[in-house]
Amino acid sequence: MDTDERAAYVETVLRLVEAIPPGRVMSYGAVADLVGGGGPRQVGQVMARHGGGVPWWRVVRADGTLPVSHGRRAHEHYQRESTPLAGDARIDMRRARWTPHSVGGVC
DNA sequence: CTCTTGACGCCGG
DNA sequence: TCCGGCGCCAAGA
């Protein structure tokens with residue numbers, strides 16, 4: 001993969017993450033599926049390197065568990081944005097899951 | 001060119 | 001529901 005393509009991929013991922021509304025989250029796999037090209041790991045790699053300028057806390061694991069690196073910082077945001085939590089440090093994906101297509105679809 | 005690692009995901013026990 | 005194992009894709013050593 002060329003440098004330019006890498007940059008384009010990164011840009012696409014970051015743009016999608018920025019599009020996630022407050023109180024909602026997306027899984028790495030969902031992002032990877034929409035962006036295409038790579039896999040969930042690639043999305044994670046991008047977030048780790050260039051996720052500083054986007055709402056990184058709105059990207060979580062598919063099962064709702066929080067990545068270790070999110071730490072306590074993310075929890076603050078969830079509390080502030082009223083993100084649907086399940087248990088203590090887990091997100092209720094059933095309610096919090098979001099996709100650009102579901103903007104007017106979810107009931 | 002091969003081996004290891006990582007902000008992951010799914011399946012089986 | 002919790003744990004462990006295997007699969008995937010790309011980057012770095």
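In what follows, chains are A, B, ... by sequence order, proteins preceding strands, each numbered from 1.
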Review point. Does a side-chain heavy-atom distance below 4.5 Å link A:L16 with A:M26?
Key: yes

Point to revise | Value in whole Å for how far the C1' atom of C:dA10 lies from OH of A:Y28 | key: 17 Å

Review point. In residues 30-40 of chain A, what residues come within less than 4.0 Å of DNA chain B, judged by heavy atoms?
Key: A:P40

Under 3.5 Å, which donor-acceptor pairs link side chains of residues 31-54 of chain A to any protein atom two or more places apart or in another chain?
none

Exercise for review: Please name all residues satisfying side-chain contact (heavy atoms from CB on, under 4.5 Å) with A:A96, sequence neighbours left out, ordered by chain then number.
Suggested key: A:V25, A:T83, A:P84, A:I91

Point to revise | Close approaches to DNA chain B from residues 80-94 of chain A, in residue order (heavy atom, under 4.0 Å) | key: none

Review point. What's the CZ-P distance between A:R41 and C:dG7, to the nearest Å?
Key: 13 Å

Review point. Taking only residues two or more places apart in sequence or in another chain, which ones pass salt bridge (charged side-chain N to carboxylate O under 4.0 Å, His left out) with A:D92?
Key: A:R95

Under 3.5 Å, which donor-acceptor pairs link side chains of residues 66-78 of chain A to any protein atom two or more places apart or in another chain?
| residue | atom | partner | partner atom | Å |
| --- | --- | --- | --- | --- |
| A:H70 | NE2 | A:W56 | O | 3.2 |
| A:H70 | NE2 | A:V59 | O | 3.0 |
| A:Y78 | OH | A:W57 | O | 2.5 |

Check your understanding: For A:T65, which residues count as a side-chain hydrogen bond (donor to acceptor under 3.5 Å, both in side chains) partner, sequence neighbours excluded?
Key -> A:D63

Check your understanding: Of all nucleotides in DNA chain B with an atom under 4.0 Å from a non-hydrogen atom of chain A, which is the first and which the last going 5' to 3'?
Key -> B:dG6 to B:dC10

Check your understanding: Does anything in residues 53-62 of chain A pair up under salt bridge (charged side-chain N to carboxylate O under 4.0 Å, His left out), and if so which pairs, sequence neighbours excluded?
Key -> A:R58-A:E81

Check your understanding: Which ones in residues 42-77 of chain A lie close to DNA chain C, meaning a heavy atom under 4.0 Å from one of its atoms?
Key -> A:Q42, A:Q45, A:R49

Exercise for review: State which residues pass salt bridge (charged side-chain N to carboxylate O under 4.0 Å, His left out) with A:R90; sequence neighbours excluded, sorted by chain then number.
Suggested key: none

